[in-house]
Protein chains: 2
Amino acid sequence: MSQDNDFTAKTIEYEQLLEDFKQLLKKNGLKFTIQREVILETLYNSDEHLTPEALHKKIQENYPDLKTGIATIYRTLGLLENEDIVTSLSFGAQGKKYELGAKEHHDHMICTECGSITEFVDAEIEKRQHAIADALGFLMKDHSMQIYGVCAECRKKLNI
Amino acid sequence: MSQDNDFTAKTIEYEQLLEDFKQLLKKNGLKFTIQREVILETLYNSDEHLTPEALHKKIQENYPDLKTGIATIYRTLGLLENEDIVTSLSFGAQGKKYELGAKEHHDHMICTECGSITEFVDAEIEKRQHAIADALGFLMKDHSMQIYGVCAECRKKLNI
DNA sequence: CTCTCTGCAAAGCCTTTGCAGATTG
DNA sequence: CAATCTGCAAAGGCTTTGCAGAGAG
């Protein structure tokens, strides 16, 4: 569950993020609601990548008084994704998982045993990606990379 | 539609592929049916990554006499994916696209304007991926990388 | 001949949408 | 106050499944 590699880093403070979010809402004539704040906050405080359903559950646990509908989760996630505040990862058949996009760019290492996601960055790969996009005349906007395999923990357990 | 970069290469002949497929079926006590052959053949002859629906449509066009149900497409695709004959790419909300896995390993460059997918390979990136997985104690089985942006063609059209 | 496959239609997910009341600005 | 939001439940897509007849080995 918990990660202790050196590759991840939140590059933005929550207050800052919240401010940006409010700004964006205002700019688009949208309203700042408790639900939206709670969703942003929950995403911020989660090191895991969350499915809409997992996010919903987490919010229901942490804010039992606030009756948050799954529809609002979806609507807000869509909103946040449009505004590039969160990004989503698509998996095989299991749908999408969301994470805050406010971190330093990173890639994902996904354990096929336990489903955990470890993040990492590598400057060399980033550089090559740009070089390749350029070589093919492609205007690169974003990229994502996933490595699938068995994480260190599961390897110990399975002795492989 | 058509791609003319130097990065793609089919490394296996159709006859070979078909033979392997038959072998696999036999090994698992499964049967070789016209539908399965047609699906394999259509995937082989398509340079695009196909959604189950697109594949279905293509088959209906090319084999109007063969009434192929979408359920069979899904079942066969699942079978082929399990056997690592095809691999799937997941996109935002638009579901999955499948491609034959019988090519040299490659990554994907996806145009956010026209949705086209260009394949490429880069030895340096492949090498780094292994190095990173090793460094993190991860047993790497597979990986995928996508670059999102605007393809050369669309750039011309849009003048960007 | 036996066992697997297929097409069809029904059933199941996950996600989106319509609506009336609740909330924000 | 006017406009957006929310929760609920219904509606929508895409994918999977059950079944009876068709087809492969």
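So that the names make sense, note that chain A is the first sequence line, chain B the second, and so on, each numbered from 1.
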To the nearest Å, give me how far apart [atom1] ([X]) and [atom2] ([N]) are.
X: A:Leu40; N: D:dC5; atom1: CG; atom2: P; value: 15 Å
X: B:Glu37; N: D:dG23; atom1: CD; atom2: P; value: 17 Å
X: B:Leu79; N: C:dT4; atom1: CG; atom2: P; value: 14 Å
X: A:Leu66; N: D:dG7; atom1: CG; atom2: P; value: 7 Å
X: B:Ile70; N: D:dC14; atom1: CD1; atom2: P; value: 10 Å
X: B:Leu30; N: D:dG25; atom1: CG; atom2: P; value: 11 Å
X: A:Ile39; N: D:dG7; atom1: CD1; atom2: P; value: 8 Å

In the structure I gave you, are the side-chain heavy atoms of A:His56 and A:Thr72 within less than 4.5 Å of one another anywhere?
no
At less than 3.5 Å, do the side-chain atoms of B:Lys31 and the base atoms of C:dT4 form a donor-acceptor pair?
no
Discussion item. Regarding A:Gly29, tell me which of base, sugar-phosphate or nothing describes its non-hydrogen contacts under 4.0 Å with the strands shown.
Written reply: sugar-phosphate
Is A:Lys67 touching bases, backbone alone, or none of the nucleic acid, heavy atoms closer than 4.0 Å? sugar-phosphate
Note: for B:Ala71 and A:Ile34 on DNA chain C, the residue whose nearest nucleotide lies more 5' is B:Ala71
Checking D:dG7, D:dA24, C:dG7 against the side chain of B:Arg75 (C-beta onward), the nearest is C:dG7
Does CG in B:Leu66 sit with more than 12 non-hydrogen atoms of other residues, nucleotides or ligands closer than 6.0 Å? yes
Q. Does A:Thr68 put a side-chain nitrogen or oxygen below 4.0 Å from OP1 or OP2 of D:dT6?
A. no
dist A:Met145:CE -> A:Phe120:CZ (nearest 0.5 Å) comes out at 3.5 Å
Before accepting this row, confirm whether a basic side-chain N of the pair A:Glu124/A:Lys127 lies closer than 4.0 Å to the acidic partner's carboxylate O.
yes
